[in-house]
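Contents: one structure, followed by commentary.
Note that the structure is a prediction, hence the values are computed from the model and not measured. Computation of the quantities below employed the complete heavy-atom set of this structure, encompassing side-chain atoms and omitting hydrogens, waters and symmetry-equivalent molecules.
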Amino acid sequence: MSEEKKAAATRYHVKTLLETADRLFMQYGYDGMNMNMLAKEAGYSKATVYVYMKSKDEIVRLLCIERLKLLRKEFSVILKNGDSTDDMFSSVRDVLDEFAAEDGTYFDFICKSRFADELSDASDSEKELSSLVNGILDDLTALAPTDELKRRWYAYYGSKMTAKLFAPSKK
């Protein structure tokens, strides 16, 4: 098999696994999805899944990267609108609220991730995720200095986690 065909086959299998994993994460959450479930649902053996994906965390990171790229584009549009700083902060918060509500598994994973800035043993996906988060922070410094952004972020994320902890249970 030529290198081109091997690369195309790899892209196909990775795409299939990511699409299946995304559906399972959205349905069962991070803790509810496992590699056995992914293999069965995607129609692969567990060994084959591990040929293309290192771990569940690797899969989530790859899916987070896709979402962060979209978020960064949305933030870019917000920053170019020329609205007041308060209005832009409000718009950023609206985007984050939507992301937390619709993609909660990924939102939580990103918020809890270790970032790979100074870690020599970090995987490529850890480095890319970290780079995207840092890029978004750099972009948002148009609104406020990094320290202020971090303060606002911790307050925002803290309120999200508190609301989640005290949300009425779904029975």
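Within the 3.5 Å criterion, the main-chain N or O of Tyr44 finds no donor-acceptor partner in the side chain of Thr48. No donor-acceptor pair closer than 3.5 Å links the side chain of Tyr52 to the backbone N or O of Arg11. The backbone N or O of Asp87 sits less than 3.5 Å from a side-chain atom of Ser91, completing a donor-acceptor pair. Side chain of Glu128 to main chain of Ser125: no donor-acceptor pair is present (N/O by atom type, distance under 3.5 Å, no hydrogens or angles). When atom types are taken as modelled, the side chain of Thr20 and the backbone of Thr16 share a donor-acceptor pair closer than 3.5 angstrom.
Leu24 and Glu41 get closest at one heavy-atom pair: CD1-CB, 4.0 Å. Residues Leu17 and Ala42 share a closest heavy-atom pair of CD2-CB, 3.9 Å. Smallest separation of non-hydrogen atoms from Met35 and Ser55: CE-C, 4.0 Å. Across all their heavy atoms, Ala21 and Leu38 have their closest contact at N-CD1, 3.6 Å.
Within a 6.0 Å radius of CG in Asp124, other residues, nucleotides and ligands contribute 12 heavy atoms or fewer. The local environment of OH in Tyr28 is sparse, with at most 12 non-hydrogen atoms from other residues, nucleotides or ligands closer than 6.0 Å.
Checked against the 6.0 Å centroid threshold, Tyr106 and Phe99 do not count as a close aromatic pair.
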So Val14 and Met53, side-chain contact (heavy atoms from CB on, under 4.5 Å) or not? Walk me through it. CA-CA 8 Å; Val14 167; Met53 300 292 169; 3.6 Å; yes

Decide yes or no on side-chain contact (heavy atoms from CB on, under 4.5 Å) for Ile78 and Phe89, but give the supporting numbers first. CA-CA 9 Å; Ile78 291 167; Phe89 264 122; over 6 Å; no

Output, in order, the C-alpha distance, side-chain angles, deciding distance and verdict of side-chain contact (heavy atoms from CB on, under 4.5 Å) for Ile65 and Leu132. CA-CA 7 Å; Ile65 288 166; Leu132 275 166; 3.6 Å; yes

Does the side-chain contact (heavy atoms from CB on, under 4.5 Å) test come out yes or no for Asn134 and Ser130, once each step is laid out? CA-CA 6 Å; Asn134 288 329; Ser130 180; 3.5 Å; yes

Let me see the working for Thr141 and Asp138 under side-chain hydrogen bond (donor to acceptor under 3.5 Å, both in side chains), right down to the final yes or no. CA-CA 5 Å; Thr141 58; Asp138 288 345; 5.5 Å; no

Show the numbers, then the answer: is there a side-chain hydrogen bond (donor to acceptor under 3.5 Å, both in side chains) between Lys56 and Asn34? CA-CA 7 Å; Lys56 181 164 73 167; Asn34 61 53; over 6 Å; no

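Here CG of Asp147 is found 10.5 Å from CZ of Arg151. Values are rounded to the nearest 0.5 Å. Taking CD from Glu74 and CG from Leu79, the interatomic distance works out to 12.0 Å, rounded to the nearest 0.5 Å. The structure places CD of Glu58 at 10.5 Å from CG of Leu129, a figure rounded to the nearest 0.5 Å. For the atom pair OH of Tyr154 and OG of Ser159, the computed distance is 14.5 Å after rounding to the nearest 0.5 Å. Rounding to the nearest 0.5 angstrom, the gap separating the NZ atom in Lys150 from the CG atom in Leu140 is 13.0 Å. Considering OG of Ser76 and CG of Leu71, their distance stands at 12.0 Å, rounded to 0.5 Å.
Cation-pi contact between Arg61 and Phe109: absent, since separation from the ring centre below 6.0 Å together with deviation from the ring axis within 45° is not met.
Under the 4.5 Å side-chain criterion, counting only non-hydrogen atoms from C-beta, Lys69 is not in contact with Lys73. Leu96 places a side-chain heavy atom less than 4.5 Å from the side chain of Phe75. For the pair Glu66/Leu18, a side-chain contact is recorded, criterion being any heavy-atom separation below 4.5 Å from C-beta on. Counting only heavy atoms from C-beta outward, the side chains of Glu98 and Asp94 never approach each other to under 4.5 Å.
Linking ILVMFWY residues whenever their side-chain heavy atoms come closer than 4.5 Å, directly or via other members, leaves Leu63 and Leu70 in distinct clusters. Criterion: ILVMFWY side-chain heavy atoms under 4.5 Å apart, direct or through other members. Under it, Trp153 and Met88 are part of a common hydrophobic cluster.
Using a cut-off of 4.0 Å between Lys/Arg side-chain N and Asp/Glu carboxylate O, Lys15 and Glu19 are scored as salt-bridged.
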